[in-house]
Amino acid sequence: MDESELLFNLVYFLLCMVIITPPEEFQRLGFTIEQLFARFLGDEYLDFVGYHLRRTSLNLFVHSCLPFCYFLIHRLKFSVFAKQEPLENSDLDPDFPMPQEAVAFKTLTWKTAQRFSVLAVLVVPALIFNWHQQNWKRHPISKTLAKYSNLQGSYTAVARDIGTELRRPEIYKKKLNSIATVIATENWIIKTTLYNVHFAHQSNTALSVAKAETYNISHHDQNDTLQMISIVVRPMRQGVTDFHIRINALEFRSLEDRVRRPISIPSNIQFHRNVIDRFVDVFKAQVALNPLFQAEATTDKCFACMLNEPNTKIHKQCADVDRNGAPLAEESCCSNCYCRPMWCVECLARWFSARQTDIDREVWLEQKCTCPMCRAKFCVRDVSYI
């Protein structure tokens, strides 16, 4: 394999990845299958089911042509294995196969792959033609919707109802990645993928969180994390398969508010349901790094939640300098708080976050707040566990 052939293989592989999973830049420029064939596919807003019947079929056809196009261009450009030059005698390791055997194996593999690529180009259009018969009745999407229909074998009434609900403003729609989207309407939970669309009617569907994964997105700040949760959607309708939804944990509340069915969360799975929950954990981690405050034990309850015992004390211990080490102005400096311990760390963290603006979320820990009682100004470095 020479350099030009290697470069061609690399470029074609990247082209296939861009076609199958288009990045955001290509989507904005309109270089996706859906956007290039928009006139053929129609309007998703006006005919949701019909649009996805055509879209999934088009995706399958275009993707099935990619291997055939590769072999066709490769043959026209390089003609690999068309002619084999005789090999010169050389010292070879006897543990490895003879060059003639290796070439024969590569040639057989290459020709087999070529035949499969030609077969795909012939079979897939025939399959799509079969789906298209009788108003797409044999398409997997139509078969799934037919299982929800009151009329045996008909999916059109269900498709109309879904289209009507999707045109209403109060829906939840979130793009999971470049090839998948989740939609929640008043009665339906829908997930679109490359070659299929999953439907679940909320009246007979169970939802549960399968797992939560946490990723550090910064090597410098261990508190800068991303949580992803996987939700299993299990339709109770016979013949309808389960599917998974993987979303950012901060999107969980929005999805939960839209669906009418409760989402069960196992006790061993913990995640941040919103920005405030995430900030509370980061606030606790920062307070744990501060020196402890020596105080007598108390039997009082937290003034906010009236459930937990007060376990924090606000007392000035910061240096009153900015991130560059420059002294702060007098009105920006923290002050001493003489209140006795009255708050648990979670309630104090929620109070702190409630006094910040949404615009400055990334620097909330660097901001200041006032004591709920005496209004003394403090920062997170002035909070200590008792």
Side-chain angles (χ1 to χ4, degrees), residues 20-22 27 30 32-63 127-205 207 231 233-237 239-247 251 254-255 257-261:
I20 297 173
T21 58
Q27 295 178 34
T32 64
I33 295 176
E34 290 83 355
Q35 292 165 313
L36 293 175
F37 294 90
R39 184 169 297 181
F40 165 73
L41 294 176
D43 192 342
E44 181 185 25
Y45 181 77
L46 298 177
D47 183 16
F48 179 84
V49 174
Y51 172 88
H52 285 282
L53 288 170
R54 294 184 289 271
R55 179 191 65 83
T56 52
S57 301
L58 180 62
N59 278 338
L60 184 60
F61 173 71
V62 173
H63 297 168
L127 177 64
I128 295 174
F129 179 78
N130 180 60
W131 286 348
H132 184 262
Q133 299 304 300
Q134 299 180 0
N135 192 24
W136 297 98
K137 186 177 180 180
R138 300 189 181 99
H139 194 284
I141 294 177
S142 304
K143 290 182 177 180
T144 299
L145 293 179
K147 293 180 173 65
Y148 289 102
S149 177
N150 294 325
L151 301 175
Q152 187 175 4
S154 176
Y155 74 95
T156 53
V158 181
R160 282 196 301 269
D161 291 341
I162 292 174
T164 301
E165 290 193 19
L166 285 164
R167 287 190 288 273
R168 295 171 183 168
E170 62 277 3
I171 67 170
Y172 172 85
K173 186 174 183 179
K174 181 68 178 177
K175 198 171 184 64
L176 305 180
N177 49 52
S178 60
I179 61 175
T181 302
V182 62
I183 305 171
T185 68
E186 182 180 355
N187 294 303
W188 294 91
I189 301 173
I190 306 168
K191 180 185 177 182
T192 66
T193 60
L194 272 178
Y195 310 121
N196 200 3
V197 179
H198 302 278
F199 297 91
H201 197 275
Q202 294 192 37
S203 63
N204 56 357
T205 297
L207 298 95
I231 302 174
V233 182
R234 294 189 176 92
M236 301 303 179
R237 187 65 62 107
V240 181
T241 58
D242 303 347
F243 58 94
H244 288 72
I245 299 174
R246 192 169 186 265
I247 61 173
E251 290 286 336
S254 300
L255 178 62
D257 291 342
R258 178 64 271 180
V259 299
R260 294 188 288 110
R261 304 288 293 181

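These numbers come from the heavy atoms of this one structure, side chains and all, not from hydrogens, waters or symmetry mates.
The backbone N or O of Tyr195 sits nowhere less than 3.5 Å from a side-chain atom of Asn59 that would complete a donor-acceptor pair. Side chain of Glu165 to main chain of Asn187: a donor-acceptor pair is present (N/O by atom type, distance under 3.5 Å, no hydrogens or angles). In this structure a side-chain-to-backbone donor-acceptor pair under 3.5 Å is missing from His132 to Ile128. Counting only distance, with no hydrogens or angles, the side chain of Tyr148 and the backbone of Phe199 share a donor-acceptor pair below 3.5 Å. With hydrogens and angles ignored, the 3.5 Å screen pairs a side-chain donor or acceptor of Asp43 with a backbone N or O of Tyr45. Distance alone, capped at 3.5 Å, places no donor-acceptor pair between the Arg55 side chain and the Glu34 backbone. A donor-acceptor distance shorter than 3.5 angstrom exists from the side chain of Gln133 to the backbone of Phe129, with no hydrogens or angles considered. Side-chain atoms of Lys191 come within 3.5 Å of backbone atoms of His244 as a donor-acceptor pair (strictly under, hydrogens ignored).
Taking both residues in full, the closest heavy atoms of Arg167 and Leu46 are given as NH1-O, 3.1 Å, listed atom of the first, atom of the second, then distance. Of all heavy-atom pairs between Lys147 and Gly239, the closest is CE-O, 3.4 Å. Across all non-hydrogen atoms, the minimal contact from His52 to Val197 is CB-CG2, 3.8 Å.
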Does the side-chain contact (heavy atoms from CB on, under 4.5 Å) test come out yes or no for Tyr51 and Thr192, once each step is laid out? CA-CA 11 Å; Tyr51 172 88; Thr192 66; over 6 Å; no
Go through the steps for Asp47 and Arg160 under the test salt bridge (Lys or Arg N to Asp or Glu O under 4.0 Å), then give the verdict. CA-CA 8 Å; Asp47 183 16; Arg160 282 196 301 269; over 6 Å; no
Would you please test Tyr155 and Val49 for side-chain contact (heavy atoms from CB on, under 4.5 Å) and show each step? CA-CA 10 Å; Tyr155 74 95; Val49 174; 4.3 Å; yes
The test is side-chain contact (heavy atoms from CB on, under 4.5 Å); show your working for Ile189 and Ile245 and say whether it passes. CA-CA 10 Å; Ile189 301 173; Ile245 299 174; 4.0 Å; yes
Show your working on side-chain contact (heavy atoms from CB on, under 4.5 Å) between Thr181 and Leu176 and close with a plain yes or no. CA-CA 5 Å; Thr181 302; Leu176 305 180; 5.8 Å; no
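Other residues, nucleotides and ligands contribute at most 12 non-hydrogen atoms within 6.0 Å of the CD atom of Gln152. More than 12 heavy atoms of other residues, nucleotides or ligands sit less than 6.0 Å from atom CG of Asp257.
Between His198 and Thr241 there is a side-chain heavy-atom pair separated by less than 4.5 Å. Thr193 is not listed as a side-chain neighbour of Ile179, based on a closest heavy-atom distance of 4.5 Å or more. Considering only heavy atoms from C-beta on, Phe243 stays 4.5 Å or farther from Asn196 through its side chain. Counting heavy atoms from C-beta outward, Leu145 and Ile162 have side chains that approach closer than 4.5 Å. The closest side-chain heavy-atom distance from Ile33 to His63 is below 4.5 Å. By the 4.5 Å heavy-atom criterion applied to side chains, Trp188 and Val158 are counted as neighbours.
Expressed to the nearest 0.5 Å, how far NE2 of His201 lies from CZ of Arg261 amounts to 11.0 Å. Taking OG1 from Thr185 and OH from Tyr172, the interatomic distance works out to 13.5 Å, rounded to the nearest 0.5 Å. A distance of 15.5 Å separates CH2 of Trp136 from OG1 of Thr156, quoted to the nearest 0.5 Å. Summarising the geometry, atom CG belonging to Leu207 is positioned 7.5 Å from atom CG belonging to Leu255; distances are rounded to the nearest 0.5 Å. Taking OG of Ser149 as the reference point, atom CG of Asp161 lies at 9.5 Å (rounded to 0.5 Å). For the atom pair Ser142 OG and Leu53 CG, the distance stands at 4.5 Å (nearest 0.5 Å).
Partners of Lys175 according to the salt bridge (Lys or Arg N to Asp or Glu O under 4.0 Å) rule, which considers only residues two or more places apart in sequence or in another chain, do not exist here.
His139 and Thr56 are linked by a side-chain donor-acceptor pair at a separation below 3.5 angstrom, with hydrogens and angles left out of the test. With no hydrogens or angles considered, no side-chain donor-acceptor pair links Gln202 and Thr205 at under 3.5 Å.
Each of Lys174, Lys173, Arg246 was scored for a salt bridge (charged side-chain N to carboxylate O under 4.0 Å, His left out) with Glu251, with one residue passing: Lys174.
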